Asker: 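Sharing a structure here in structure tokens format.
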Amino acid sequence: MNETTVLFRPVGQKEWDLIAESGYTAFPPRLPYQPIFYPVLTEAYAVQIARDWNTKDAASGYVGYVTKFGVKTEFMARYEVQTVGSSRHQEYWIPAEDLPQFN
């Protein structure tokens, strides 16, 4: 009942700063044009996104960080794993309105 699922999230500088402001306890709310929050299942996939996307994106401050965290497995059971690209590219799609519960 108290099991946790380990997930990863690639973030840019602005998102990292907001996470730090929360005391490293919450991801910031999604922006209006971001309907989902997508934590990924493997560190390798998160590193790939941080390296290949965040470091080349002005909105990310040309910086990529990888966060690692645990979420209650019982909570994650309501969502399906999404495969985007190859089988190595797996993530959850958490609706933006569910992010407060996720946190």
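Just so it is clear, the structure is predicted and the values come from calculations on it, not from any experiment.
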Asker: Hey, does F69 have a side-chain heavy atom less than 4.5 Å from the side chain of V6?
Answerer: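 V6 vs F69: side chains apart.
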Asker: Given side chains that start at C-beta, do those of I94 and M76 come closer than 4.5 Å, heavy atoms only?
Answerer: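 Sidechains of M76 and I94: in contact.
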Asker: Over all heavy atoms of both residues, which pair between A46 and P10 is shortest? Give the atoms and the distance, please.
Answerer: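 What the structure gives for the nearest pair is O-CB, 3.5 Å.
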Asker: If Ile, Leu, Val, Met, Phe, Trp and Tyr residues are connected whenever their side-chain heavy atoms lie under 4.5 Å apart, and connections chain through other members, are V40 and W93 in the same group?
Answerer: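 Both belong to a single hydrophobic cluster.
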Asker: Is the shortest heavy-atom distance from the side chain of D98 to the side chain of Y79 under 4.5 Å?
Answerer: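 Yes - at least one pair of side-chain heavy atoms lies under 4.5 Å apart.
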Asker: Looking only at heavy atoms, what is the nearest atom pair of A96 and P100, with distance?
Answerer: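 Answer, listing the atom of A96 first, then P100: O-CD, 3.9 Å.
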Asker: Which residues satisfy the side chain to side chain donor-acceptor pair (under 3.5 Å) test with T55, sequence neighbours excluded?
Answerer: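 Testing T55 for side chain to side chain donor-acceptor pair (under 3.5 Å), a comparison that skips the adjacent residues, returns none.
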Asker: Are V11 and L99 in one and the same hydrophobic cluster, where Ile, Leu, Val, Met, Phe, Trp and Tyr link if side-chain heavy atoms are under 4.5 Å apart?
Answerer: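 Linked, V11 and L99 end up in one cluster.
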Asker: Flag the pair F102 / F75 as yes when at least one side-chain heavy-atom distance between them is below 4.5 Å, and no otherwise.
Answerer: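 SC-SC contact between F102 and F75 confirmed.
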Asker: Before you tell me yes or no, could you show the steps for T4 and V71 under side chain to side chain contact (heavy atoms under 4.5 Å, CB included), namely the whole-Å CA-CA distance, both residues' side-chain angles and the distance that decides it to 0.1 Å?
Answerer: CA-CA 5 Å; T4 58; V71 180; over 6 Å; no
Asker: Please tabulate, for the side chains in residues 81-88, all donor-acceptor contacts under 3.5 angstrom to protein atoms that are two or more places apart in sequence or on a different chain.
Answerer:
unit_1	atom_1	unit_2	atom_2	d
Q82	NE2	E80	O	3.4
T83	OG1	Q90	NE2	3.2
S86	OG	R88	N	3.3
S86	OG	H89	ND1	3.1

Asker: Are W16 and I49 in one and the same hydrophobic cluster, where Ile, Leu, Val, Met, Phe, Trp and Tyr link if side-chain heavy atoms are under 4.5 Å apart?
Answerer: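 W16 and I49: separate clusters.
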Asker: Please enumerate all residues that pass side chain to side chain donor-acceptor pair (under 3.5 Å) together with W53, with sequence neighbours excluded.
Answerer: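 W53: no side chain to side chain donor-acceptor pair (under 3.5 Å) contacts found.
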Asker: Applying side-chain contact (heavy atoms from CB on, under 4.5 Å), name anything that partners E21, two or more places apart in sequence or on another chain.
Answerer: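 With neighbours one apart ignored, the set is L18.
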Asker: When rounded to the nearest 0.5 angstrom, what is the spacing between CD in E43 and CG in L7?
Answerer: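 It is 12.5 Å, given to the nearest 0.5 Å.
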Asker: Step through it carefully: locate the ring centre of F8, locate the ring centre of Y45, and say whether they are under 6.0 Å apart.
Answerer: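 For F8 and Y45, the ring centres are not under 6.0 Å apart.
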Asker: Between T73 (side chain) and T5 (backbone), is there a donor-acceptor pair under 3.5 Å?
Answerer: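 Answer holds: yes.
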Asker: Please list, one pair per line, the donor and acceptor atoms closer than 3.5 Å that link side chains of residues 59-68 to other protein atoms, with sequence neighbours excluded.
Answerer:
unit_1	atom_1	unit_2	atom_2	d
S60	OG	N54	ND2	3.1
S60	OG	D57	OD2	3.0
Y65	OH	Q13	OE1	2.8
T67	OG1	R9	N	3.4
T67	OG1	R9	O	2.9

Asker: When the side chains of residues 23-32 are checked against the rest of the protein, which donor-acceptor pairs come out under 3.5 Å, sequence neighbours left out?
Answerer:
unit_1	atom_1	unit_2	atom_2	d
T25	OG1	S22	O	2.7
R30	NE	I36	O	2.9
R30	NH2	I36	O	3.2

